[in-house]
There are 4 protein chains.
Amino acid sequence: MLASVPSRPTFKRLPRAVREQQMLDAAVRVFARRGFHAASMDEIADEAGISKPMVYAYLGSKDDLFRACVNQEGTRLLESIVAVVRDDLPADEQLWRGLRGFFGFVGAHREGWAVLYRQASGRQPFAADIAALRGRIVEVVAGMLGRAVLASGGTEAREPDLTASAYALVGAAESVADWLADHPEADPDHSAARLMNFTWLGARQLLQGELWQPSSA
Amino acid sequence: MLASVPSRPTFKRLPRAVREQQMLDAAVRVFARRGFHAASMDEIADEAGISKPMVYAYLGSKDDLFRACVNQEGTRLLESIVAVVRDDLPADEQLWRGLRGFFGFVGAHREGWAVLYRQASGRQPFAADIAALRGRIVEVVAGMLGRAVLASGGTEAREPDLTASAYALVGAAESVADWLADHPEADPDHSAARLMNFTWLGARQLLQGELWQPSSA
Amino acid sequence: MLASVPSRPTFKRLPRAVREQQMLDAAVRVFARRGFHAASMDEIADEAGISKPMVYAYLGSKDDLFRACVNQEGTRLLESIVAVVRDDLPADEQLWRGLRGFFGFVGAHREGWAVLYRQASGRQPFAADIAALRGRIVEVVAGMLGRAVLASGGTEAREPDLTASAYALVGAAESVADWLADHPEADPDHSAARLMNFTWLGARQLLQGELWQPSSA
Amino acid sequence: MLASVPSRPTFKRLPRAVREQQMLDAAVRVFARRGFHAASMDEIADEAGISKPMVYAYLGSKDDLFRACVNQEGTRLLESIVAVVRDDLPADEQLWRGLRGFFGFVGAHREGWAVLYRQASGRQPFAADIAALRGRIVEVVAGMLGRAVLASGGTEAREPDLTASAYALVGAAESVADWLADHPEADPDHSAARLMNFTWLGARQLLQGELWQPSSA
DNA sequence: CATGAATGAGTTTTCATTCAT
DNA sequence: GATGAATGAAAACTCATTCAT
């Protein structure tokens with residue numbers, strides 16, 4: 001154990017898979033820190049400890065690279081949710097676990113979230129990727145809501161209503177998550193619980209037929 | 001008659017205030033269309049039908065210009081909400097009107113909304129401005145929520161809870177607005193009502209003390 | 001006349017037309033000197049005594065710029081030929097003048113010739129422009145050949161034969177011109193005369209019906 | 001039988017000469033397709049089905065490689081002509097065979113021809129190589145022309161005249177070849193015959209002393 | 001008041017070339 | 001013998017910003 005070779009960090013000639021992952025991680029950090037446009041390939045290469053041509057050789061153009069980041073983080077996010085939801089649990093429990101998974105991801109991967117939400121949502125070429133991701137999440141959430149309504153004795157809800165409610169819920173979650181990402185001292189589980197209550201009680205009332213009516217036109 | 005003032009159409013030489021407004025409006029459009037970084041001063045000048053040096057002379061650097069846009073649109077948004085809310089109305093009516101005001105602004109000024117909300121891209125030098133403005137909006141919404149709760153007989157809610165709920169509400173509203181924009185056949189008031197219900201019923205239950213509790217962990 | 005202002009070369013703020021011409025001329029020189037790919041926009045800007053962004057502002061991309069060069073020099077070449085050919089002259093005289101115009105241009109505008117022939121002929125995006133230019137020249141030459149044949153008592157030649165002969169003649173001329181461009185000491189008129197003889201006598205014999213026949217398959 | 005030589009298909013580990021030839025052929029194709037500057041060593045290595053370092057190990061730098069291509073194709077072209085010309089044939093027959101050999105090479109090795117001829121792009125470091133090679137070709141053609149003239153009873157022609165005629169002939173041939181490539185329905189031998197006639201009759205007349213004289217200037 | 005002309009600095013991207021295995 | 005990994009250098013193109021008129 002003693003007098004071993006002074007282990008310099010294994011600098012050069014790593015296998016492709018390793019380097020690619022290093023680059024992706026560096027890219028996520030830099031995109032989150034600067035935003036897509038302000039991020040420079042130079043800075044990303046620096047952050048990855050590699051030269052720029054390697055980034056291009058392995059991951060392609062800046063757009064390709066960003067898309068790869070979005071896909072990676074998107075997949076991680078989805079997995080964070082899906083991993084904890086189990087079909088054999090009661091509906092409310094499913095929703096609760098999904099929310100915790102979501103907020104847990106945001107709390108633990110601020111950078112990934114910034115890439116997905118603050119960078120990609122608005123930008124033309126990537127908006128589609130994000131929309132697709134959000135669509136998949138909405139689908140999952142709508143399914144959970146539907147089962148939840150049935151379970152709590154409601155009549156079967158029309159699908160458009162469920163989808164719209166899911167959009168609202170996902171939007172609310174995104175917004176809260178965004179706030180969470182800027183407040184590291186906040187507790188993700190607390191946010192999850194608050195939103196769960198909001199959602200669960202409101203949705204239950206609403207979908208069970210109680211309605212608020214505007215008193216005037 | 002000869003040598004009289006050559007009456008070129010008085011297109012140009014507008015008073016400063018008018019020109020500044022033209023520029024700001026053009027800038028809002030371009031920033032919304034492209035995002036801050038991708039927007040070029042050239043395109044903004046073009047959109048305003050004026051030459052670039054004028055933009056610099058009147059509104060200063062690109063950063064200054066963006067800040068001016070944020071302030072203008074933020075003020076407009078706040079006014080859209082405040083203008084329709086009247087303190088002497090019942091709390092739920094206030095919330096309903098506020099929501100419609102908000103929805104109305106987002107629907108009618110998507111560009112302004114994009115500038116205010118979508119540009120929350122992290123560490124730009126004016127991120128503080130945006131954060132402050134979003135803070136003020138959330139504050140207003142939180143205030144409405146709080147009064148609504150009190151009015152409907154709830155106990156006074158803690159402020160962080162209200163703020164978080166306001167974030168959720170704003171996020172839900174934006175998400176629904178996005179969905180609306182993609183579904184022109186849908187009725188905005190229907191969406192507004194659905195969100196109102198969601199909010200009102202959920203908030204009422206929640207803040208009146210009923211709580212959903214996780215059954216485990 | 002005396003004590004005039006020491007006329008520093010009028011450096012800056014030239015009107016657009018002048019600057020554009022300066023740039024085009026510089027570009028022709030650099031493209032001729034280095035070839036399309038090896039020519040850098042930096043060097044072109046330097047040669048024009050202007051900064052790179054001006055080149056892009058006025059003439060567009062490197063491709064655009066090159067195309068502009070090709071068009072300018074192509075037009076000049078065509079004009080060099082057309083300007084000296086007069087329809088009321090005998091056919092052989094027309095051909096002779098056309099050849100002299102062609103070789104005269106090449107002798108006087110080596111750079112333009114290099115741009116047209118050595119750079120543009122092979123390169124995919126510009127080959128079409130050159131093909132069109134060559135087509136127009138061939139057309140003119142075929143017309144001259146046709147009238148020449150008629151004038152010297154031949155039967156009317158079939159058009160494909162004329163076109164093919166014109167292609168051969170133009171190709172021959174291009175090749176000789178290319179040689180000429182590399183031998184500044186050579187006399188363009190001498191080359192013109194030699195090719196004229198070659199063409200005129202050969203074409204006359206050929207088109208009057210005399211044929212060389214291979215003795216074996 | 002166990003532990004015998006693991007018979008991987010003997011694809012790789014070819015002897016050096018074979019590999020070198022593969023590389024040269026690939027390089028010729030790529031240089032012809034893209035031109036010298038636009039051709040990348042990557043594409044050449046790919047086309048040869050080998051890795052880049054091998055190209056460098058066997059054939060040296062890009063310049064070296066191009067020079068090798070020029071030499072190979074030049075030799076092949078010369079051989080195509082020389083192989084079919086036999087000194088004991090009549091002069092016109094020699095010229096005819098030479099022409100057909102030339103045409104045959106250009107038709108069958110357009111890539112080689114492009115490398116040799118179209119890349120005459122001025123001042124590259126190996127312009128000298130190309131010029132030398134073209135010079136040798138022209139020399140051969142000029143020789144044939146000269147012998148043809150003598151054989152048909154003309155006075156000995158001056159060498160510059162022959163050289164210039166050879167340039168014209170080569171240029172005419174290339175131009176016709178280009179035209180042929182665009183008109184697949186045309187008969188190559190027909191074109192060859194037409195050019196032979198053009199050349200033969202014109203040259204005979206010209207070099208036997210008949211001259212066209214400009215009537216003016 | 002208003003603008004065409006001009007540029008320094010920085011961005012993405014590519015390429016010939018070389019090591020270490 | 002053969003190659004995947006790696007890079008320095010340079011090229012095309014853009015942009016915020018400023019004079020001189």
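Note that these values count all heavy atoms, side chains included, but never hydrogens, waters or copies made by symmetry. The model shown is predicted, which means the values in this text are computed figures rather than measured ones. In what follows, chains carry the letters A, B, and so on, assigned in the order in which the sequence lines appear, proteins first and then strands, with residues in each chain numbered from 1.
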Please tabulate the protein-to-nucleotide N/O contacts below 3.5 Å involving nucleotides 19-21 of chain F, giving atom names and distances.
{"from": "dC19(F)", "atom 1": "O2", "to": "R13(C)", "atom 2": "NH1", "distance (Å)": "2.6"}
{"from": "dC19(F)", "atom 1": "O2", "to": "R13(C)", "atom 2": "NH2", "distance (Å)": "3.0"}

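- Separating the CE atom of M54(A) from the P atom of dG4(F) is a distance of 12 Å, rounded to the nearest angstrom.
- Among the protein residues, A38(B) comes within range of no part of the nucleic acid, since none of its heavy atoms lies under 4.0 Å from any strand.
- Remark on DNA chain F: of its neighbouring residues K62(B) and K62(C), the 5'-side contact belongs to K62(C), judged by nearest-heavy-atom nucleotide.
- The stretch residues 20-32 of chain B has no heavy atom under 4.0 Å from DNA chain F, so no residue of it qualifies as close.
- Of the residues in residues 63-70 of chain C, not one comes within less than 4.0 Å of DNA chain F through any heavy atom.
- Note: NE2 (H37(A)) to P (dT11(E)) measures 12 Å, nearest angstrom.
- A donor-acceptor contact under 3.5 Å is formed by the side chain of K52(D) with the base of dT17(E).
- Toward the 5' end of DNA chain F, the nearer of the two residues M41(C) and A17(A), judged by each one's closest nucleotide, is A17(A).
- In this structure, E43(C) places its CD atom 15 Å from C1' of dA12(F), rounding to the nearest Å.
- Taking for each of Y58(C) and R16(B) the nucleotide of DNA chain E with the nearest heavy atom, the 5'-most of the two is the partner of R16(B).
- At least one cation-pi condition fails for K62(A) and F31(A): the charged atom is not both under 6.0 angstrom from the six-membered ring centre and inside a 45 degree cone around its axis.
- In this structure, A45(B) reaches neither bases nor backbone, as no heavy-atom distance under 4.0 Å exists between it and the strands shown.
- Here the P atom of nucleotide dG4(F) and the CD1 atom of I50(D) are 10 Å apart, to the nearest Å.
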